[in-house]
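Letters go in sequence order (proteins before strands), and every chain restarts at 1. In this text the structure is predicted, and so the values were computed from the model without any measurement.
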Protein chains: 2
Amino acid sequence: MNAPGPTISATCSDCPIRHRAVCAQCESDELEQLEEIKYYRSFEAGQTIIWSGDKMGFVGSVVSGIATLTQTMEDGRTQMVGLLLPSDFVGRPGREGAAYDVVATTDIVMCCFRKKPFEDLMVKTPRIAHRLLEMTLDELDAAREWMLVLGRKTAREKIASLLSIIARRDASLNTGGPSGPMVFDLPLTREAMADYLGLTLETVSRQMSALKKDGVIRLEGKRHVTIPDMGRLMEEAGDDSDGGFLV
Amino acid sequence: MNAPGPTISATCSDCPIRHRAVCAQCESDELEQLEEIKYYRSFEAGQTIIWSGDKMGFVGSVVSGIATLTQTMEDGRTQMVGLLLPSDFVGRPGREGAAYDVVATTDIVMCCFRKKPFEDLMVKTPRIAHRLLEMTLDELDAAREWMLVLGRKTAREKIASLLSIIARRDASLNTGGPSGPMVFDLPLTREAMADYLGLTLETVSRQMSALKKDGVIRLEGKRHVTIPDMGRLMEEAGDDSDGGFLV
DNA sequence: AGACCTCTTTGACCCAGATCAATTGGTACA
DNA sequence: TGTACCAATTGATCTGGGTCAAAGAGGTCT
């Protein structure tokens, strides 16, 4: 697909692998070993990184950019089943094939580990295995939280839920706490939002307009969003507990 | 809640823990150690086994009966996020609180391990940790498969999807292969089915009647189901690949 | 500047599934 | 044998979101 990304100069110290993904609590010698089998790859917006059913040669995490996990029915209906933001992990150690398409939504850089050596390392260092279990449990929680969104929320609540997730993730990476207005650029087209939420793009557009009219969000251009009152948004989303869900 | 189940005479040899859950590939001395911290509990139909937010003192797997994982919004809307059939595992090693309610749908017997000793054992025996990672990845796949059902399928397809899951799970436990008609008892009320599928109970009832009228299923009484042609049911479900999804 | 993109918004209409309500059937209990 | 209770069915009507169609709003290329 793509040559190891020579375009970026990232070193492990700015690679999110350090603070959120695999080696969060690793000892330095374990980090060392991860370093040795690490490499970078970059993909352009729109490119499919992994096709469902393909065998995956690597695992890794997102350094910059956005990707999505998508499932498609034969007649073309698609449902996004996961959103990969910087520092999120992709891959199924111990599994052969991919279960869904992974598609780059923006230009994206990934920090990869070849699968075989990674699995070997995992066997030798239980700490990495435990960390992976933890990450997988997080993803499972997020997936189940999302099942509630898909199954029971209205279109307006769905949009609000998605915005609040993106806002929180964005904030935790860039700025300080969630006090005061939050500002971010939507990394998704209306169509991608629709695929995530089980809606049509027209409904997404209408509900965005409605939330704007009601002052819940402010929009400059199509993508630049300001959220004056995060609490208000979360009420709209139907989860009043500021409950920590994580995508 | 309940005393360790003296009502059952199960020994580990008939406990599903052996063939599908934690110790599937364990050595005998590891099994030995699991035996030591194992105990049984039983719950009555309708009883809540664990409340969302409670701290959970145990992990375990279902020996007999059915339980569900359920999420509830403040206004009472509920979404079932998982179905626990015999041999399924519950619990989040390394996590404090439960993320959702676990409710016994029928009378149920569980094979439990106290959490602390189980976690200790997990640290000592990487094989158990790996087995857990595998199980969690399975659950994640199932959850994401279900996201497609919730987000993109019609009511009829949803019902067919649920029936085909239950039929396959049931068959793999009781009879031989999936050839010839399949027969089973629905372990869920129409309301529970609705909560699983993001529908109302009336819609579930109507679609069950429609599938019956069209000869896709046969019904005796309210719960006893015969599926004359499994392939037909799977077409109705919208997944034509006989794809292995596992609840 | 104009032609051509792709993404987005908005309007008009329709329908699958929700809602409200009445009826049926089974079974437990007195 | 009646009444009380629950799960399930079925009917009538309403509505949120889908569908189809037309425009607007930035971009980019020549």
Side-chain angles (χ1 to χ4, degrees), chain A residues 44-46 66 68 73 75-79 103 105-107 149-163 185-214 217-225 236 238, chain B residues 44-46 66 68 73 75-79 105-106 149-163 185-214 217-225 236 238:
Chain A
E44 285 169 29
I66 311 270
T68 61
M73 292 172 68
D75 62 5
R77 282 177 281 177
T78 72
Q79 175 66 50
V103 182
T105 295
T106 63
D107 290 350
V149 173
L150 289 174
R152 291 301 184 196
K153 291 195 179 179
T154 65
R156 175 185 262 243
E157 288 169 334
K158 285 178 173 181
I159 300 282
S161 297
L162 180 55
L163 291 174
D185 284 303
L186 263 181
L188 302 173
T189 64
R190 299 290 186 261
E191 188 180 22
M193 292 172 71
D195 282 342
Y196 203 27
L197 297 167
L199 298 171
T200 59
L201 67 109
E202 293 94 329
T203 299
V204 170
S205 182
R206 273 185 250 274
Q207 295 299 337
M208 289 288 286
S209 299
L211 288 174
K212 178 181 170 186
K213 183 167 68 63
D214 299 344
I217 63 174
R218 227 167 294 137
L219 273 175
E220 280 130 60
K222 277 91 175 54
R223 301 288 194 86
H224 193 76
V225 180
E236 293 282 354
Chain B
E44 285 168 29
I66 311 270
T68 61
M73 292 172 68
D75 63 6
R77 281 177 282 177
T78 71
Q79 175 66 49
T105 296
T106 62
V149 173
L150 290 174
R152 292 300 185 196
K153 290 195 179 179
T154 64
R156 174 185 262 246
E157 289 169 333
K158 284 178 175 182
I159 301 281
S161 297
L162 180 56
L163 291 176
D185 283 303
L186 263 181
L188 301 173
T189 64
R190 300 289 186 262
E191 188 181 22
M193 292 173 70
D195 281 343
Y196 203 29
L197 296 167
L199 298 171
T200 60
L201 67 113
E202 292 95 330
T203 298
V204 170
S205 181
R206 274 185 250 274
Q207 296 298 336
M208 289 287 286
S209 299
L211 287 174
K212 179 181 169 188
K213 185 169 68 63
D214 299 345
I217 63 176
R218 226 167 298 138
L219 271 176
E220 279 130 62
K222 278 90 175 57
R223 299 289 193 87
H224 193 75
V225 180
E236 293 283 352

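For a distance-only test at 3.5 Å, the side chain of B:E202 qualifies as a donor-acceptor partner of the base of C:dC20.
Proximity note for B:S205 (side chain, C-beta onward) versus D:dC20, C:dT9, D:dT9: the nearest is D:dT9. Distances were taken from every side-chain heavy atom of B:L201 (C-beta onward) to each of C:dT9, D:dT9, D:dG17; the shortest belongs to D:dT9. Out of C:dT9, C:dG11, D:dG17, the shortest distance to the side chain of A:R190 is found at C:dT9. Among the nucleotides C:dT8, D:dT9, C:dA18, the one closest to any side-chain atom of A:T189 is C:dT8. Residue B:R223 places its side chain closer to D:dA7 than to any other of D:dT9, D:dA7, D:dA25. Side-chain proximity of B:R206 to the nucleotides C:dT9, D:dA12, D:dG17 is greatest for D:dA12.
A:Q207 has its CD atom 13 Å from the C1' atom of D:dG18, to the nearest Å. Rounded to whole Å, atom C1' of D:dG16 lies 12 Å from atom CD of A:E157. Protein atom CZ of B:R152 is 13 Å distant from nucleotide atom P of D:dG17, rounded to whole Å. A:K158 places its NZ atom 12 Å from the C1' atom of D:dG18, with the value rounded to the nearest Å. Between B:L219 atom CG and D:dA8 atom C1' the separation is 11 Å, expressed in whole Å. In this entry the distance linking CG of A:L197 with C1' of D:dG17 reads 13 Å, nearest Å. Between the NZ atom of A:K222 and the P atom of C:dC7 there is a distance of 12 Å, given to the nearest Å. Taking atom CG on B:L199 and atom P on D:dA8, their separation rounds to 15 Å, with Å as the unit.
Contact annotation: A:T154 side-chain N/O to D:dG16 OP1/OP2 distance is not under 4.0 Å. OP1 or OP2 of D:dG17 has not a single side-chain nitrogen or oxygen of A:T203 nearer than 4.0 Å. For the OP1/OP2 pair of D:dT19 and a distance below 4.0 Å, the side-chain nitrogens and oxygens of A:T200 include no atom meeting the criterion.
With rounding to the nearest 0.5 Å, the separation of OG1 in A:T106 from CD in A:E44 is 11.5 Å. Going from atom OG1 of B:T68 over to atom CG of B:D195 covers 8.5 Å, rounded to the nearest 0.5 Å.
Residue-level contact check: B:G198 touches the backbone only, with heavy atoms under 4.0 Å from sugar-phosphate atoms and none from bases.
When each of B:V225, B:L186, B:L211 is paired with B:L219, the side-chain contact (heavy atoms from CB on, under 4.5 Å) condition holds for B:V225 and for no other. Checking each of A:R190, A:R156, A:K222 against A:M208 for a side-chain contact (heavy atoms from CB on, under 4.5 Å) leaves exactly one that passes, namely A:R190.
A distance-only check finds a donor-acceptor pair linking the side chain of B:R77 to the backbone of A:R152 [under 3.5 Å].
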